[in-house]
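Atoms considered below: every heavy atom in the structure, side chains included; atoms not considered: hydrogens, waters and symmetry mates. Protein chains get the first letters and strands the later ones, always in sequence-line order, with residue 1 at the start of each.
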There are 2 protein chains.
Amino acid sequence: MKLHQMRYIREVARQNLNVSTAAEALHTSQPGVSKQIQLLEQELGIQIFQRSGKRLTGITEPGQIVLDMAEQILREAENIKRVGEDFTKVNEGSLSIATTHTQARYRLPPAIKGFVERYPNIRLHIHQGNPSQVTDMVVSGEADIGIATEAIANHPDLVALPCYIWNRCIVAPHGHPILSDKPLTLKKLATYPMVTYDLGFAGSNTVRMVFEKQGVTPNIVLTAIDSDVIKTYVEMGLGVGLLAKMAFDPERDKGLSMLDASNLFPDSTTYLGVRKDAYLRTYMYDFIEFIAPHLNRKAVNIALQA
Amino acid sequence: MKLHQMRYIREVARQNLNVSTAAEALHTSQPGVSKQIQLLEQELGIQIFQRSGKRLTGITEPGQIVLDMAEQILREAENIKRVGEDFTKVNEGSLSIATTHTQARYRLPPAIKGFVERYPNIRLHIHQGNPSQVTDMVVSGEADIGIATEAIANHPDLVALPCYIWNRCIVAPHGHPILSDKPLTLKKLATYPMVTYDLGFAGSNTVRMVFEKQGVTPNIVLTAIDSDVIKTYVEMGLGVGLLAKMAFDPERDKGLSMLDASNLFPDSTTYLGVRKDAYLRTYMYDFIEFIAPHLNRKAVNIALQA
DNA sequence: CAACGTTACGCTCTTCGTAAAGATG
DNA sequence: CATCTTTACGAAGAGCGTAACGTTG
């Protein structure tokens with residue numbers, strides 16, 4: 001049994017059982033991949049892939065188990081490589097972050113700024129997606145760290161660290177009647193056409209449930225995944241905006257007025273998620289600490305143990 | 001990075017950093033081991049072992065991390081091998097059970113009997129030890145399954161399955177005053193010299209706490225790890241015996257009388273422990289079901305997932 | 001017949017074992 | 001100086017790539 005063989009079967013499975021494209025992705029020859037898979041199957045005494053004649057048509061039952069274990073082994077091998085780099089190339093490497101628009105646009109910039117000053121030679125990738133995409137990217141190892149308010153806390157392979165707590169605000173064009181009609185209530189809010197986040201984003205579930213519980217039906221005329229889109233349409237007069245307070249910038253958003261809405265909705269928590277079995281490079285710990293100062297290396301390790 | 005190199009560094013660490021004996025244990029030449037370790041260290045860019053001149057004198061900090069990961073990889077590789085065997089050699093293999101004397105002597109025999117009838121070609125090993133040794137053997141992979149009342153439920157790498165519930169009895173030579181002095185109470189029990197299990201065995205903690213809570217101090221004149229030893233000394237008149245009810249056999253223990261003591265002590269639960277990340281061969285699932293019929297394959301898998 | 005997987009074969013790089021040399025306490 | 005590790009080197013073996021062959025839809 002060889003580590004290479006694990007890579008081969010994993011790649012073939014990933015490439016929809018196409019050995020040729022798998023070979024290409026692995027930068028090697030197709031017959032070599034074929035051969036090694038056969039050798040592995042022979043050694044284990046089982047078929048990993050189903051074949052109809054010469055085509056691979058599926059994954060056998062034991063094959064699936066083996067593939068899962070191979071995945072595990074390769075992850076661990078990757079971790080070992082990282083240990084080496086962590087101790088020799090302290091200031092080199094890459095950091096891949098998966099997050100949602102609101103976090104990327106309004107919450108991460110200061111942390112990123114501090115991080116790139118400290119580690120100018122780390123290649124930084126920020127992937128944007130919806131919370132479940134963020135979760136998937138961390139689970140699959142495409143991203144080292146995921147940051148989102150939804151989804152990320154409920155995956156068995158991840159550990160979720162509470163990052164920060166936030167609440168919402170209402171934005172409207174200057175002079176809009178909602179601004180003077182104090183105090184603000186859910187009922188009043190529901191009388192105006194509203195623009196807010198897509199389902200599955202930024203605590204939208206929480207918002208929905210609050211309205212439901214109070215027996216109030218909001219008039220949502222537009223949803224977006226993007227705070228800036230929401231603000232743009234609010235500015236155009238489409239309705240009032242309900243968004244994360246951190247997404248309102250009095251400097252930039254001069255065309256809008258803001259009302260705190262934290263009395264109407266419960267606080268939401270944004271989580272940072274990492275794979276339980278990932279080896280975190282030192283700079284990753286540092287990045288986490290840049291985002292949430294209470295999450296120092298020790299605190300993260302304690303969470304990872306449990 | 002090669003799987004072989006993982007084996008080499010693990011074995012060197014196990015053999016107290018002696019490369020020569022490690023090579024012997026691996027059935028290969030000593031220079032080969034040396035070389036591969038150097039190659040690995042070179043590839044990772046770190047020292048795994050500390051050296052003073054040519055002697056290995058310790059494990060470096062990154063080395064320890066790498067060793068832990070290597071261990072994990074090799075465990076997973078072992079699991080893959082088992083998958084193959086499980087699907088090809090259904091009726092071959094070995095089953096290694098670690099347990100305490102009382103279980104081995106009084107509880108396992110019927111399960112073992114059923115098992116060897118079903119799987120006559122599986123090599124069976126029963127290791128006897130105290131509960132913490134049992135736990136260690138399962139954790140290290142020396143044993144596939146551990147069975148004990150103590151210790152085994154509290155290890156993070158193991159999953160503990162409740163196996164069966166039992167309670168205690170009092171044994172005494174025929175005609176002993178305790179037998180007629182009904183009803184039996186803790187206070188009365190404490191007036192007689194007593195023979196029972198060693199600390200750390202068979203719920204001895206529970207027993208101690210029950211006495212303590214009632215403010216009664218038992219007069220324990222002898223402890224043993226072994227129910228048969230306890231009974232022998234009781235028969236000799238050393239005192240009354242407090243032991244697991246399952247360990248009293250009216251057929252064999254004709255020289256003794258038995259009093260149920262389950263009203264004096266809370267029930268104890270015996271657990272069966274397996275490594276969370278172990279691949280269990282089909283016959284291992286079957287063995288577990290022989291011991292505890294409610295623990296069928298499905299139930300065990302559900303426990304392993306969580 | 002186009003796309004794909006397997007077989008065949010020669011080349012290269014790795015690995016392994018023996019022998020010798022160097023270091024340690 | 002006995003024990004242990006590293007270096008050196010030749011033989012055996014494993015892996016890889018090209019080319020040819022066989023299948024499948």
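B:D144 pairs with exactly one of B:R281, B:R123, B:R82 by the salt bridge (Lys or Arg N to Asp or Glu O under 4.0 Å) rule, that one being B:R82.
Annotation for A:K276: atom NZ counts as buried by contact number, over 12 foreign heavy atoms lying within 6.0 Å.
Note that the CD1 atom of A:I126 and the CD1 atom of A:I97 stand 5.0 Å from one another [nearest 0.5 Å].
A heavy-atom distance below 4.5 Å is not found between the side chains of A:K2 and B:L3.
Summarising the geometry, the separation between CD on A:Q50 and P on C:dG5 is reported as 15 Å, rounded to the nearest angstrom. Rounded to a whole Å, the CG atom of B:L39 is 16 Å from the P atom of C:dC13. B:L26 places its CG atom 16 Å from the P atom of C:dT15, with the value rounded to the nearest Å. Between the NE2 atom of A:H4 and the P atom of C:dT15 there is a distance of 12 Å, rounded to whole Å. Atom CD of A:Q38 and atom C1' of C:dA8 are 13 Å apart (whole Å).
Partners of A:R75 under the salt bridge (charged side-chain N to carboxylate O under 4.0 Å, His left out) rule, at least two apart in sequence or in another chain, are A:D277. Applying the side chain to side chain contact (heavy atoms under 4.5 Å, CB included) test to A:T223 and every residue at least two apart in sequence or in another chain returns A:D198, A:I220. The salt bridge (charged side-chain N to carboxylate O under 4.0 Å, His left out) search around A:K81 returns A:E78, not counting sequence neighbours. For the salt bridge (charged side-chain N to carboxylate O under 4.0 Å, His left out) test, residues two or more places apart in sequence or in another chain that qualify with B:R14 are B:E71. Checked against salt bridge (charged side-chain N to carboxylate O under 4.0 Å, His left out), B:E142 has no partners two or more places apart in sequence or in another chain.
The stretch residues 296-306 of chain A participates, sequence neighbours left out, in these side-chain hydrogen bond (donor to acceptor under 3.5 Å, both in side chains) pairs: A:T282-A:R297, A:Y285-A:N301. Identified under the ring pair (Phe, Tyr, Trp, His ring centres under 6.0 Å) test for residues 8-67 of chain A, with sequence neighbours left out: A:H4-A:Y8. Within the structure, salt bridge (Lys or Arg N to Asp or Glu O under 4.0 Å) contacts touching residues 31-52 of chain B (residues at least two apart or in different chains) are B:E41-B:R51.
Among the atoms of the strands shown, none is found under 4.0 Å from any heavy atom of B:F49.
Of all nucleotides in DNA chain D having an atom under 4.0 Å from a heavy atom of chain B, the first and last in 5' to 3' order are D:dT3 to D:dT7.
Between its opening and closing five pairs, the helix from C:dC1-D:dG25 to C:dG25-D:dC1 changes axis direction by 40°, a value rounded to 10 degrees.
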Note to self: Assess the residue pair A:Y119 and A:F115 against the criterion (ring-ring contact (aromatic ring centres under 6.0 Å, His included)); give the C-alpha distance rounded to whole Å, side-chain angles, the decisive distance to 0.1 Å, and a yes or no.
What the structure shows: CA-CA 6 Å; A:Y119 292 106; A:F115 182 80; 5.2 Å; yes

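Within residues 13-20 of chain A, no residue is approached by DNA chain D to less than 4.0 Å at the level of any non-hydrogen atom.
Of the side-chain N and O atoms in B:Q36, none sit less than 4.0 angstrom from OP1 or OP2 of C:dT14.
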Check: Reading nucleotides 17-25 of chain C 5' to 3', which nucleotides get B (base under 4.0 Å from a protein heavy atom), which S (sugar-phosphate only), which -?
Finding: BBB--BBBS

